[in-house]
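Only this structure's heavy atoms are used, side chains among them; waters, hydrogens and symmetry mates stay out. Chain identifiers are assigned alphabetically (A, B, ...) following the order of the sequence lines, protein sequences preceding nucleic acid strands; residue numbering begins at 1 within each chain.
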Amino acid sequence: MNLLMFSGEYDKALAALILANSAREIEVEVTMFFAFWGLCLLRDPEKMTMENKTSYEKMFSMMTPKGPGELPLSKMDFSGIGKSMLIEMMEDDDTPELIAFLNGAVKKGVRFYVCKLSMEIMGLKEEELIPEIEVVDAKTYLKDALESNMQLFI
Amino acid sequence: MNLLMFSGEYDKALAALILANSAREIEVEVTMFFAFWGLCLLRDPEKMTMENKTSYEKMFSMMTPKGPGELPLSKMDFSGIGKSMLIEMMEDDDTPELIAFLNGAVKKGVRFYVCKLSMEIMGLKEEELIPEIEVVDAKTYLKDALESNMQLFI
Amino acid sequence: MNLLMFSGEYDKALAALILANSAREIEVEVTMFFAFWGLCLLRDPEKMTMENKTSYEKMFSMMTPKGPGELPLSKMDFSGIGKSMLIEMMEDDDTPELIAFLNGAVKKGVRFYVCKLSMEIMGLKEEELIPEIEVVDAKTYLKDALESNMQLFI
């Protein structure tokens with residue numbers, strides 16, 4: 001299974017990571033390819049740097065979500081109120097938070113590809129992201145996706 | 001064909017249901033798996049209940065769209081004005097409304113899977129949804145999707 | 001590879017056209033099927049007409065983006081400020097603009113299918129779109145997509 005992670009939204013990332021974890025549990029190979037806003041999920045809030053960034057890149061770094069905790073909902077976010085509500089409802093239901101599913105996916109051997117061009121445009125550096133990633137180009141993504149028996153754009 | 005219905009928006013649901021109906025007409029098997037906001041499409045506005053719901057779940061039930069008629073557009077909704085305009089344009093063109101495509105899909109034998117975890121988190125009960133659904137987990141979705149020759153995340 | 005272009009957003013169109021160009025470079029067949037908002041990408045701003053349109057269709061023609069240059073971002077658009085910023089960041093990085101990727105895709109032989117029903121509902125005429133398109137119905141899309149080894153809904 002190959003998931004193209006474009007959106008960088010809490011609820012979509014949650015759906016994708018639940019699928020990735022479930023797929024590994026039934027021994028399906030999983031690649032997640034992060035592009036554009038999807039990169040925000042992989043940012044480590046502790047490792048933000050402003051070195052070697054243009055002023056646009058600095059602005060962009062500050063305005064975009066820094067890691068899984070800061071991703072907004074795709075709808076009904078209401079500046080975070082909707083998201084807090086969803087997280088409380090997940091807790092009531094003993095569903096783990098997004099970060100737990102991300103760590104689970106890492107531990108279960110999901111492959112994390114990151115789009116080289118997106119990193120360059122946004123000015124994100126490899127050391128600002130979680131260490132388990134591999135930076136690749138669009139063709140590497142395509143070859144992996146074309147060999148998978150299932151691809152989603154999320 | 002397997003469609004993961006995540007978004008719960010009028011225009012995306014319309015596109016998905018037109019594809020589902022067309023696929024059945026050329027004898028392709030179709031599964032639609034409803035998760036997160038996608039569940040709103042399957043709500044029966046006559047069957048809403050507040051029993052056995054936490055206060056968050058009650059609030060959520062009231063704030064989210066109750067059935068196909070209430071789904072917003074993914075863009076240019078303008079609190080419903082854009083949607084009314086689209087529906088009028090569809091009428092001018094003799095295109096049926098969303099509910100007709102939903103009923104068509106049911107009649108043509110499209111399989112309706114609903115995500116168990118989403119139902120639990122949102123506090124929706126099976127009796128609040130249309131009767132043709134089957135509640136399944138992520139692994140059941142994955143197995144169906146992996147066996148399909150086409151999957152979309154909508 | 002078959003891409004269903006639904007969203008009509010600058011960043012998603014950019015991602016899709018980068019994939020389409022890259023796929024052609026490794027000799028993969030590519031079909032892009034444009035439906036709903038996706039049609040806006042193919043509008044030629046020089047060729048807009050108001051003839052034979054209902055008043056809703058005229059309004060719709062004026063309110064929706066006219067060609068690749070006018071597409072908004074899927075997030076952080078801020079009435080165009082976010083988009084200008086992204087475009088400047090792309091320039092700093094020598095990444096071509098959206099229109100260059102569209103022209104590249106045309107030149108490299110990507111197949112451009114346009115959804116007949118969407119055109120009828122929105123009241124767009126074939127002569128308002130770029131000339132390289134072919135107007136088809138949902139079943140033609142489905143047959144193409146089912147034969148591809150990869151499909152995305154964008």
Measuring heavy-atom distances to chain C, does [X] have an atom under 4.5 Å in its side chain, in its backbone, in both, or in neither?
X	answer
A:I154	neither
A:F6	side chain
A:E147	neither
A:Y141	side chain
A:A35	neither

Around [X], counting heavy atoms of other residues, nucleotides and ligands shown, do more than 12 lie under 6.0 Å from its [atom1]?
X	atom1	result
C:K116	NZ	no
A:K125	NZ	yes
C:E127	CD	yes
C:K107	NZ	no

Between [X] and [Y], what is the shortest heavy-atom contact and its length?
X	Y	result
A:W37	C:L73	CZ2-CD1, 4.1 Å
A:L4	C:L19	CD1-CD1, 3.8 Å
C:M76	A:T64	SD-CG2, 3.6 Å

Donor-acceptor pair, side chain of A:Q151 and main chain of C:N149, under 3.5 angstrom: yes

Would you confirm whether C:K75, through its side chain, and A:S7, through its main-chain N or O, come within 3.5 Å as a donor-acceptor pair?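 Yes, the answer is positive, given that a donor and an acceptor are paired below the 3.5 Å cut-off.
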
Contact winner vs chain A - C:I18, C:L86, C:I26, C:L3, heavy-atom pairs under 4.5 Å: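 So the answer, after comparing C:I18, C:L86, C:I26, C:L3, is C:I26.
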
For chain A, the option from C:M90, C:M1, C:M85, C:E25 that forms the most heavy-atom pairs under 4.5 Å: C:M85

Rounded to the nearest 0.5 Å, how far does CG of C:D93 lie from CD of A:E57?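 Answer for the CD-CG pair, A:E57 versus C:D93, is 7.5 Å.
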
Is C:E91 close to chain A through its backbone or its side chain, or both, or neither, when contacts mean heavy atoms under 4.5 Å? neither

Answer whether the closest heavy-atom distance between the side chains of C:F153 and A:L152 falls below 4.5 Å.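 Not in contact.
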
For a side-chain contact (heavy atoms from CB on, under 4.5 Å) check, start with the C-alpha distance between A:L142 and C:M150, then their side-chain angles and the critical distance, and finish with the verdict. CA-CA 9 Å; A:L142 277 173; C:M150 172 171 171; 4.2 Å; yes

